[in-house]
Protein chains: 2
Amino acid sequence: MAKSVKKRSRAAVIPYHHGDLRRALIDAALALAAEGGPSAVSVREAARRAGVSPGAPFRHFDSREALMTAVAEEAQQRFRAEIDAALAGTAAEGPLRQLKLLGMAYLRWAMRNPAHFEIISTGRWFDHDAAVAVSRDNADAIALSEQLLAQAAASGQLRPVDLKATQIAGRALVYGLARMNIDRHFPRWGVQPEQVERIAEQALDVFISGIAK
Amino acid sequence: MAKSVKKRSRAAVIPYHHGDLRRALIDAALALAAEGGPSAVSVREAARRAGVSPGAPFRHFDSREALMTAVAEEAQQRFRAEIDAALAGTAAEGPLRQLKLLGMAYLRWAMRNPAHFEIISTGRWFDHDAAVAVSRDNADAIALSEQLLAQAAASGQLRPVDLKATQIAGRALVYGLARMNIDRHFPRWGVQPEQVERIAEQALDVFISGIAK
DNA sequence: TCGTGAATGTAAGCATCGATTACATAATTG
DNA sequence: CAATTATGTAATCGATGCTTACATTCACGA
């Protein structure tokens with residue numbers, strides 16, 4: 001019983017079975033994406049990093065896209081956790097302040113995890129229909145922003161604006177900033193990396209003060 | 001003299017030399033991108049469409065990236081032409097109106113040529129340093145928006161805003177809308193294709209009226 | 001006019017990648 | 001302990017980017 005365990009734990013004996021190859025492949029893919037962008041993720045390289053043959057991953061993922069789908073779900077979970085944490089217990093601060101906190105948490109994560117954000121936000125890298133959690137979390141975030149905007153309007157904190165158009169504009173602003181970061185618009189435009197988050201915050205302030213009464 | 005010409009024009013005689021393979025490859029690549037996105041562009045398929053061997057393109061482009069760079073320059077030229085046309089002779093309409101016209105022309109082209117817009121806007125698909133025209137046109141557009149914003153401020157049409165932050169917010173808004181279209185956020189969110197441009201215009205209006213006095 | 005060098009194409013082949021198939025080994029379970 | 005299932009390897013396929021060696025055509029000057 002303990003014998004077989006001892007045998008494998010002995011020095012550099014590589015067990016035929018990996019243990020948790022699925023998890024290792026997702027982690028390797030996340031690392032590859034972080035290093036060279038989503039396109040740098042290859043099944044073979046992930047297998048290489050997990051110390052396994054090129055065909056092994058296909059026992060756990062039917063295709064490269066299936067691996068990316070799992071990666072997207074993992075990334076989306078981390079993304080959502082950060083946003084939830086930022087908004088926890090802030091209800092008393094008012095909807096406009098919460099809207100800004102939501103935007104800042106969103107941007108903060110997107111700026112610091114550009115490749116992972118790109119994977120979940122584009123849908124080009126994974127099967128959107130298969131990754132139900134991604135869609136759900138996204139819908140939740142959108143619904144939350146709608147709610148906060150409606151609250152702000154109901155409590156008379158907004159100038160007379162079209163709520164729907166305003167919500168889309170806000171989403172587009174935040175998404176645009178995240179995308180500009182991914183697409184290297186900021187360095188090309190002379191913005192230092194450490195300034196990016198601050199500049200994004202200022203842009204968000206411009207928008208919010210533009211709709212606030 | 002005319003003999004050789006006649007010989008080749010006769011029926012289905014394929015000349016050894018293409019005539020303008022470079023041009024044909026760029027056109028094929030543009031078509032491939034439009035059909036399946038930038039990642040659908042392959043050197044071999046472009047060669048296939050031009051009726052030429054897989055190695056031939058490398059006489060004109062050192063790499064796939066070099067082909068994409070030429071594609072980007074072509075696309076950027078079309079993009080800029082559309083914007084210039086939209087702004088021609090509109091100086092009398094005032095800076096804020098021109099700002100909106102600029103944004104709408106930008107969005108219009110981006111929405112109708114998503115793949116080509118993605119190529120020029122991301123820099124992941126081509127060598128940004130080699131495509132000087134792309135950088136220059138982009139810088140011009142940015143400079144123009146700065147100018148218009150400064151004019152609006154100087155003539156007292158703006159609320160008291162941070163001009164730099166406002167300009168970045170405006171860019172991010174427009175870029176975000178274009179990107180949401182590319183990344184299929186709109187259909188996923190139940191927005192009909194024919195409504196996209198109208199919704200984008202409304203979002204732009206929200207922003208501009210938010211900064212206007 | 002011609003012939004020679006440059007330009008431009010073909011053919012064949014390399015490495016990498018995603019993916020499949022047949023087979024081998026370990027883990028689990030009755 | 002035996003048999004079934006899960007999970008790995010090995011070998012292979014077709015597509016791709018890219019290179020090299022060779023073939024053909026074009027353009028220009030003697």
Side-chain angles (χ1 to χ4, degrees), chain A residues 1-10 13-26 28-29 32-33 35-71 124-127 130, chain B residues 1-10 13-26 28-29 32-33 35-71 124-127 130:
Chain A
M1 29 162 90
K3 217 181 242 182
S4 68
V5 173
K6 228 175 200 172
K7 205 183 270 180
R8 84 156 46 157
S9 67
R10 200 113 188 91
V13 178
I14 297 170
Y16 190 92
H17 280 198
H18 181 283
D20 195 354
L21 182 54
R22 182 187 163 86
R23 183 70 243 165
L25 290 169
I26 293 174
L32 285 169
E35 290 166 24
S39 67
V41 177
S42 87
V43 176
R44 289 180 108 96
E45 181 59 27
R48 225 169 275 140
R49 296 203 176 189
V52 101
S53 78
F58 291 91
R59 289 287 172 195
H60 300 272
F61 303 100
D62 285 347
S63 64
R64 182 192 122 112
E65 195 184 33
L67 170 57
M68 292 303 271
T69 300
V71 168
R124 173 159 292 158
W125 301 107
F126 68 97
D127 180 357
Chain B
M1 28 160 97
K3 217 180 243 183
S4 67
V5 172
K6 226 171 199 173
K7 206 182 269 180
R8 85 155 46 157
S9 65
R10 202 111 183 90
V13 177
I14 298 169
Y16 190 92
H17 281 198
H18 181 282
D20 196 352
L21 182 53
R22 183 187 163 85
R23 183 70 241 164
L25 290 168
I26 293 174
L32 284 169
E35 291 165 22
S39 66
V41 178
S42 87
V43 177
R44 287 180 110 97
E45 182 59 27
R48 222 168 278 138
R49 295 203 176 188
V52 102
S53 77
F58 291 91
R59 290 284 172 198
H60 301 273
F61 303 101
D62 284 348
S63 63
R64 183 191 120 114
E65 193 184 35
L67 170 59
M68 291 303 270
T69 300
V71 168
R124 173 158 292 159
W125 301 107
F126 67 97
D127 180 356

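Because the structure is predicted, anything quoted here is derived from the model rather than measured. Numbered from 1 within each chain, the chains take letters A, B, ... in sequence-line order.
- Qualifying salt bridge (charged side-chain N to carboxylate O under 4.0 Å, His left out) partners for A:Arg22, counting only residues two or more places apart in sequence or in other chains: none.
- Scored by the side-chain hydrogen bond (donor to acceptor under 3.5 Å, both in side chains) test, B:Arg48 finds B:Glu45 as partners (sequence neighbours excluded).
- For the side chain to side chain contact (heavy atoms under 4.5 Å, CB included) test, residues two or more places apart in sequence or in another chain that qualify with B:Ser53 are B:Ala56.
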Where do N or O atoms of nucleotides 10-16 of chain D meet protein N or O atoms at under 3.5 Å, pair by pair?
from, atom 1, to, atom 2, distance (Å)
D:dT16, OP2, B:Arg48, NH2, 2.9

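- For A:Arg23, the salt bridge (charged side-chain N to carboxylate O under 4.0 Å, His left out) criterion is met by A:Asp27, A:Glu74, not counting sequence neighbours.
- Between A:Ala47 and A:Pro54, the shortest heavy-atom contact is CB-CA, 4.3 Å.
- Here C:dT20 presents its C1' atom at 18 Å from CZ of A:Phe61, a figure rounded to the nearest Å.
- Not a single side-chain hydrogen bond (donor to acceptor under 3.5 Å, both in side chains) links A:Arg64 to another residue, sequence neighbours left out.
- For the pair B:Phe58 CZ and D:dC22 P, the computed distance is 20 Å after rounding to whole Å.
- The listed nucleotides are C:dG18, D:dC18, D:dT9; the one nearest the side chain of A:Val52 is D:dT9.
- The separation between B:His60 atom NE2 and D:dG17 atom C1' is 17 Å, rounded to whole Å.
- Where A:Ser63 and B:Leu21 each meet DNA chain C at their nearest nucleotide, the meeting point lying more 5' is that of B:Leu21.
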